[in-house]
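Structure, as structure tokens:
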Amino acid sequence: MKTGRTRSPEATATTLYSPRLYFEWALLVIATLAFCGIALYNQWFWRIDYTLYDAALQQFYRPAPDDIVILAIDDDDISRIGQWPWPREIHARAINRLTEADARAVLVDLLFSEPDRRTQETDEALANAIRRNGRIVLPLAHMQSSSGSREHLPIPPLAHAAAALGHIHSEVDPDGIIRSTYLFEGLGEARWPHVSLALLQLIDPQRASRYPGERAPEPFLRDANTWQRQNWFHIPFFGPPGHFKSYSYARWVTGEIPLDVVRDRIVFIGTAATGLSDAYPTPVSGFSRSMSGVEINAHIFEALRLGIDLRTLPVFVSWGLFSLMLLALFVAYFRLRPGPVVIITLGVLVAGYYSTGFFLYHTGRILQPASFLLAAVLAYPLWSWQRLAVALRFLEQENLLLRQHPEAMSPGNPTTHRPVEPVSRSIEALRKTRKRLEIARRERESFLNFLSHDMRSPQSSIVALIEMRRQGHSHLTDDECFEKIEQYARKTSRLADEFVMHAKAMQLAPSALKELELTAIIDETLDEIWPLAASHNITLRRDYDCEAFVLGHPTLLARALFNLIHNAVKFSPENSEVTVSVIGERDFWRVAVQDQGIGLSLEAQQRLLGSSESYSSSTETGIVLGLALVRTVISRLGGSLKIDSTPGKGATFSFRLPKISE
């Protein structure tokens, strides 16, 4: 037969429960952070990030500057002048009027990559008009053909006459919306500035020398036939289409618009007519109302002039920020109950939603929170599922425990960890409640046994004596019979008094406690017990020399001390000694009653302290009935009872009570 010390099933379940809970929580945290980082790095949720970014751009609204004017070629102009492309003399006439009006600078967003089909003289006239103005910026384009990439510059006369050249490309994102451009592009080398930057270089070279934008990814190839790009620039649109002042280009050519409209102003010329393929969806216009390319260039120019430099926050910085927020969220998951957690989760989601706008407006950095928001959304149901799994595991363990070990309803071993997670705290509280209920059940059964056996026993003896006396079978005299009846009656009265006192102790409220001097109560108790001790030649020794103030109930505390000292005297041999000591221990007073009796075994001590439902002898039963009151009184006063004994070497019953200041 195999023997040894085994752990209770409940203790085993409790010990296994805590590490698993922490492990599952840590695993969920790591998985969520990894998901967030991988999704952020691979741009899995770019559509959501773009949507949030587009919404955040609304905060960059600014009134249109007075010194920017757009001369747009719209549908009415096409109807008025005729089919596109128009003769070059029309553009020459428009530029001559701009020169006469003394416009500060002009960006012509029209491609002149081929000579006029009608006559070469019109090209010369346009070149002369551009040269006389001296502040004209012309565009170039990147063309892709079967033979490879090509730079489509204006025809040589116009290119030589222009004050500056620049590319007109904007970056089209995967969803078909323009949000950015590259400030420098070119074939083989990114040497051509964007036309808006070229215009700013013409007007304010010092400000234009501070090139904003992010570094472009390194190209796979660097050769003369590869189109190169540098300085990725995010366009902060300042308003919807039509934000800048715009006038009809045809009416300007015909002189219907006065010269003062463009005097000392920056003029943008471009197409806005339907079918000329120069209108694009933007974050501030969407697909329902496209923005013309010339107006996009005006937004880029104004952003460059204001020095606005939007940059995407580095992936590792974004991930670190999101990780801190997710860790805080998971700590809340672990420590708080579901109600507050829902509120915190909603708050985090709202903060994450508005974080793009906050960072964009206050720091000029573009945050990409989609992966974080989805991680936070998924984390809560995952953690709730894990909580439910924990609760189900606990219920299954308890059910199995009760089916396999019915006796496991005993208080069991205390848990060795401090639960911090709400479900584990609730489970731990449930276990403690069950233990308290079990203790209460055992005490109730103990008192029922007390009432049914110990209090009935002397009554039954009295009835038996009376019946024997009535039938003439008793050999006792009248005096002996009355003496026996008196003993049994006194015992019944004493037990009833003990029961009433214990019931009062169970209902002891803090408001009933008073300041007491402990040694004075001990002195009175010793004086009361001295006759019994003297009759057995037992010496009562006092081992205290100072006052000990505690909070207590005078009657109940005196009765508890009486029971302890009375038991020590009752079970001590003749010519022995019982010592009562009071010792100060930091914030407590320790009271010890030491005798020189037969002592108690470890099992007997456990039974006396209430950890068993049965008692092995009548001697122990007598002790327990008195100690039940002692335990209850001491526990209500914030202390605990302790037994230190070795068989054959006496026993020491001690308890501690909190000190109070004198």
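Of all the heavy atoms in I257 and S248, the pair that sits closest is CD1-O, 3.4 Å. Residues L202 and A163 approach most closely at CD1-CB, 3.9 Å, considering heavy atoms.
Ring geometry for W232 against H234 counts as tilted: the plane angle lies between 30° and 60°, on a 0 to 90° scale. Between Y61 and H243, the ring-plane angle classifies as perpendicular under the 30° and 60° cut-offs.
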Checklist entry - Which is it for H142 and H152 under the ring pair (Phe, Tyr, Trp, His ring centres under 6.0 Å) test, yes or no, and what are the steps along the way? => result CA-CA 6 Å; H142 170 217; H152 278 238; 9.3 Å; no
Next on the checklist: salt bridge (charged side-chain N to carboxylate O under 4.0 Å, His left out) for R179 and D54? Distances and angles first, verdict last.
Outcome noted: CA-CA 9 Å; R179 297 182 178 88; D54 294 347; 2.8 Å; yes
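Take D67 and apply the salt bridge (charged side-chain N to carboxylate O under 4.0 Å, His left out) test, not counting sequence neighbours, and it matches R104, R305. With sequence neighbours left out, the salt bridge (charged side-chain N to carboxylate O under 4.0 Å, His left out) criterion links R47 to no other residue. Considering only residues two or more places apart in sequence or on other chains, N133 meets the side-chain contact (heavy atoms from CB on, under 4.5 Å) condition with I95, L98, T99, R135, I136.
Cation-pi contact between R229 and F184: absent, since separation from the ring centre below 6.0 Å together with deviation from the ring axis within 45° is not met.
Enclosure of atom CD in E121 is not indicated, since only 12 or fewer non-hydrogen atoms of other residues, nucleotides or ligands lie within 6.0 angstrom.
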Would you be so kind as to tabulate the donor-acceptor pairs closer than 3.5 Å made by side chains of residues 317-328, with sequence neighbours excluded?
unit_1, atom_1, unit_2, atom_2, d
S318, OG, P314, O, 3.2
W319, NE1, L33, O, 2.9
S323, OG, W319, O, 2.7

Show me, pair by pair, the donor-acceptor contacts under 3.5 angstrom made by side chains of residues 344-359, not counting sequence neighbours?
unit_1, atom_1, unit_2, atom_2, d
T345, OG1, Y333, OH, 3.2
T345, OG1, V341, O, 2.8
S355, OG, G352, O, 2.6

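Looking at E185 and Q230, their side chains never bring a donor and an acceptor atom within 3.5 Å of each other. Using modelled atom types, one finds a donor on one side chain and an acceptor on the other under 3.5 Å when comparing N128 with R131.
Applying the salt bridge (Lys or Arg N to Asp or Glu O under 4.0 Å) rule to pairs touching residues 352-369 yields nothing, sequence neighbours excluded.
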